[in-house]
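Side-chain atoms are counted along with the backbone in the values below, which use heavy atoms only and exclude waters and symmetry mates. Read the numbers this way: they start at 1 and go in the same order the structure lists the ligands and their atoms.
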Amino acid sequence: MDKSSKKLTRRSFLATTALAAGALATATAAGCSSVDESGAGATSAETDTAAPEESYFVGTCHGNCGGRCALKATVRDGKVVSTLPMDYTKENEGLRVGCVKGVSNPLRIYGPSRLLYPMKRAGERGSGEWEQISWDEAIELFANQLKTTMETYGGEANMWQGGAGNMNGVLNGTPTGIINSALLPTGEIKPLDGFSKGYANSRLIQKTGGTVLSVGHDMAGIVFAFVHLTQPRSAVEDLANAKTIVSWGANPAEASFCRAAWNWVCKGRENGAKLITIDPLFTSTAAHSDEWLPVRTGTDAALMCGMIHYIVDNDLADWDYVKNGSVAPFLIDETGAYLRLSNFGKAEAGADDDVPVVWDEDAGEFVAHTEAVNPAIRGTFDAEGTSVRTVFDAAMENIAPFTVEFAAEECGISVEQIENLARTCATEGPTSFYINYGLEHTYESWRIYFLIGLLASLTHSVGIPGGSHVGSIGLGHESATTIKQPKTFNADGFVVEDAVPGNHFTGDWIVQIAETGQWAGKDFHMGTLVNMCANPLDNFSGSSALLKAYDKIDYIITIDSIMTTTAHYSDLVLPTCMPWETYEYIDGGIFEQKAIEPVGDAKSDFDIIKSVAVKMGYDDLIEGEGLDFLRSYLDTPENIEAGVGFDALYENGVVVGDYSMPATVVPEYNPYGRTQFYMEYLMPRDAWGQVFGLQDRLPFYKPSIEAYADNPDREKYPLYGFSNHDLYHGQTLWVHNEWLNTFRTIEGKPFCRMHPEVAEARGIKTGDKVRVFNDHGSCVLNALVTEGIRNDSLWLPHGFTWDEFEEGYAQSLTRWCPDDVTSNNNFNDWICQVEKV
Ligand SMILES: Nc1nc2c(c(=O)[nH]1)N[C@H]1C(S)=C(S)[C@@H](COP(=O)(O)OP(=O)(O)OC[C@H]3O[C@@H](n4cnc5c(=O)[nH]c(N)nc54)[C@H](O)[C@@H]3O)O[C@H]1N2
Ligand SMILES: Nc1nc2c(c(=O)[nH]1)N[C@H]1C(S)=C(S)[C@@H](COP(=O)(O)OP(=O)(O)OC[C@H]3O[C@@H](n4cnc5c(=O)[nH]c(N)nc54)[C@H](O)[C@@H]3O)O[C@H]1N2
Ligand code: SF4
Ligand SMILES: [Mo]
């Protein structure tokens, strides 16, 4: 911590990047003129001349906002002067999406933190002393580093950290995986590949047997909702059919993976739905809600347990759905294995027809769940000498300690509030639980997906109009659009015939490797770290721990378009293109058109990696230009026939078609066709031999790892810290952005939010300069005193780089704590103290 707070000063960056600063003067001037031209008034030069020539190009914002709005850039005199949502036909005007961040793209392209030249470190890491170098030298350094590391330690010592920077780009993005490795029956751990994005680097990593470092953010939700419990997500349009909408750890008015979500929440309200928001912060969504339940961070699983007890105890459940639509009646033995037809010799073990059986109360015997008329959901039975009980009983026993009273204490809301919530969800349905990422950014948050499965079963919030339970997790496309989607892709280019097996795990584990020198029980040397589309030090949780781990890495290369905190701590930084400076295809039907020459000496990721490959002697590894790959990727016969082949996309950016509605109500699609809240096996995202007991495969509540009430450290750090995503922030893509700063700063400085009771006890007023600190890190920023936050919590912004704070930086306060199941990043699981400076 001391290390980071000492070095991370704005001065050290500004004073030592004179060469960048020189170039900034030009860039900023260009940026300013674009501000004027887009509406605030014309520059004097222009008032004297006729209207300048304009041209238009389609692109979208990189980064993981999930919006993927098609934005139309206007280019004048070789500069992007505005980026506005694309026009739609009049009848589809309501589908025009975009946001204030998207509009501020010109300030990203010509912004003050833009990287302009390749630079190598001149002083010690993080000193901010740089030497500008040529691309030839940069490529040579990069290639030699990879080569020497391979020769000395093996290919896996070259690590490629993926991130959300160009999450959806197939040409210039980074690879990352969902399940990174598997434990084979032989006991061997097999890394699984994740090469679906980032064509050029995917090929180089495979050729050189490198290590893919997957992202840890959002992984509890993605792993459980997609892979483990396969929870169906209805289209956001279906929110219009709900009678109760619970916005839970979500803020659809401001952030979501679907820009249209809020429109449909509003539509639901117009149709009479009640909106309830569960959030420690009074967000825009909360402000529009009928009720705001300000729970303490990390306690949602306890709240779910309390609700489940209330619904069951008061007989408010839709028992018919619980019996026939969920896994509640499935029977498990003491090891947790399902009782199946094969147990009765009626199917071959493991065969497709070896389905779980239930106890049919009408028939008075065990029958295949698919045949049962009246399955028992409670009870213990003897199955030819084996004692089995229902999954429902096992689940209720597992959560028995977490009563309504327990939940009230834990969550910091009243028993009455919990009971009302449970009653409303159960009796005033259909209920849509709009669960998003706020509540999964705490330790072991994967447990909530078991609980929401059970809660949704009891309230029948699944597979019916208006009843659903997984917000916009992983969503993005599943809302109506007029953008025509390509039908198929030719991903052959990602396959390298003579690939060398490499490694693959969540990047956050480098902290453990730095301590032990091992990964999954084997020695692991951290030779090179290439950050590409990733900004771990500003965005990953526990950035102070990551920074410490960087000391054990021989060489750090960051390819980015801006000087992030991560770039600041690198040995070599390479400037890459922003949208509109190069070509890219973005999943979702958007072809980014090249509109301008890159600012400074920036090159596309494709060109950088291709040059490195050639320098390493792999002349034919990456053939042709980026556009050649995109042509082969998109030009399938199906796409050409549908009018969305390469030429159509290259010409138009997006092809607008008819309003196309996604599958509105999505039923369960797992092999049982039933809502799951139990798993026979729990496969970890990163395998190193973990085994999980029955308790972990059922609904359960465990308190946060740091932000729990009885943590003795709360004497020093009494406040629960958290952050969020909102209209004016979006990870590091929107740093140093003057337009956005007018909305998200106080007197030009980032601010934290605290309750008046917290402020008064410390003599703090809005606008005061304060220091927030804990054992991980600290930062100095301004205070905003507001009733719109719990009186035991403190909100820090996310989405500023270190040099935007007077001292320290916000991310340094977060805790490093990936869990054993999903390696999830836990941004909201830390405690802190605040004082007036
Ligand atoms: N405290 C706190 N921290 C959080 C969160 C929070 O709520 N609170 N949220 C977390 C979440 S949910 C997420 S998804 C993460 C995201 O964190 P990251 O995965 O780091 O993603 P981004 O900041 O979107 O992008 C990373 C970098 O990629 C760069 N980039 C953009 N386009 C390109 C490109 O084409 N090529 C290259 N080479 N680079 C590019 C950007 O400039 C940026 O610096 O942040 C997390 N961090
Ligand atoms: N405008 C905008 N949109 C975005 C992004 C962005 O940065 N800006 N980022 C995109 C990305 S990568 C993601 S992951 C999503 C994230 O978007 P969301 O899923 O909405 O995530 P957050 O904003 O982090 O959290 C949602 C709400 O949960 C609250 N919260 C925090 N901790 C808890 C908790 O323990 N329990 C409960 N009940 N609530 C809690 C927060 O205060 C916040 O208001 O948005 C995507 N869309
Ligand atoms: S930041 Fe996201 S929502 Fe906003 S315009 Fe860009 S892509 Fe759309
Ligand atoms: Mo995210």
Completion exercise
To atom 39 (N) of ligand 1, the nearest of C533, G169, A255 on a heavy-atom basis is C533
Practice task
Measure the distance from atom 2 (Fe) of ligand 3 to every protein heavy atom, then report the residue, atom name and distance (to 0.1 Å) of the closest one.
Solution key: C65 SG, 2.1 Å
Fill in the blank from the handout: among protein heavy atoms, the one nearest atom 44 (O) of ligand 1 is D560 OD2, 2.6 Å
Handout entry: Note: R114-E581 ion pair, threshold 4.0 Å (strictly below)
Key = yes
Exercise for the section: Measure the distance from atom 9 (N) of ligand 1 to every protein heavy atom, then report the residue, atom name and distance (to 0.1 Å) of the closest one. Expected result: H725 NE2, 3.0 Å
Exercise for the section: Name the option, out of N166, N539, D726, N828, that contains the heavy atom nearest to atom 47 (N) of ligand 1. Expected result: N539
Handout entry: N, O or S atom of C69 closer to atom 8 (Fe) of ligand 3 than 2.8 Å
Key = yes
Practice task
Taking only heavy atoms of H441 into account, list the atoms of ligand 1 that are under 4.0 Å away from them.
Solution key: 12 (S)
Handout entry: D605, portion touching ligand 1 at heavy-atom distance under 4.0 Å
Key = side chain
Exercise for the section: Can you pull out the closest protein heavy atom to atom 3 (S) of ligand 3? Residue, atom name and distance to 0.1 Å, please. Expected result: R259 CD, 3.0 Å
Practice task
Using a strict cut-off of less than 4.0 Å between a Lys/Arg side-chain nitrogen and an Asp/Glu carboxylate oxygen, indicate whether R68 and D587 qualify as a salt bridge.
Solution key: no
Practice task
Identify which of H217, H62, M167 has a heavy atom lying nearest to atom 15 (C) of ligand 1.
Solution key: H217
Exercise for the section: Answer with yes or no whether the side chains of Q731 and H217 bring together a donor and an acceptor at under 3.5 Å. Expected result: no
Exercise for the section: Indicate if the distance from atom 6 (Fe) of ligand 3 to the nearest N, O or S atom of C99 falls below 2.8 Å. Expected result: no
Problem - Close side-chain approach of F591 and Y583, heavy atoms under 4.5 Å - result: yes
Practice task
Pick one of side chain, backbone, both or neither for how T564 approaches ligand 1, counting any non-hydrogen atom pair under 4.0 Å.
Solution key: side chain
Completion exercise
Contact region, Q811 to ligand 1, non-hydrogen atoms below 4.0 Å, reads side chain
Practice task
Pick one of side chain, backbone, both or neither for how D218 approaches ligand 1, counting any non-hydrogen atom pair under 4.0 Å.
Solution key: side chain
Practice task
Taking the six-membered ring for Trp and the single ring otherwise, decide whether the centroids of W509 and W816 are under 6.0 Å apart.
Solution key: yes
Completion exercise
Nearest non-hydrogen contact to atom 28 (O) of ligand 1 from the set P575, G507, C577, G165 belongs to G165
Problem - Heavy-atom proximity to atom 21 (O) of ligand 1, best of G721, A164, S561, A810 - result: A164
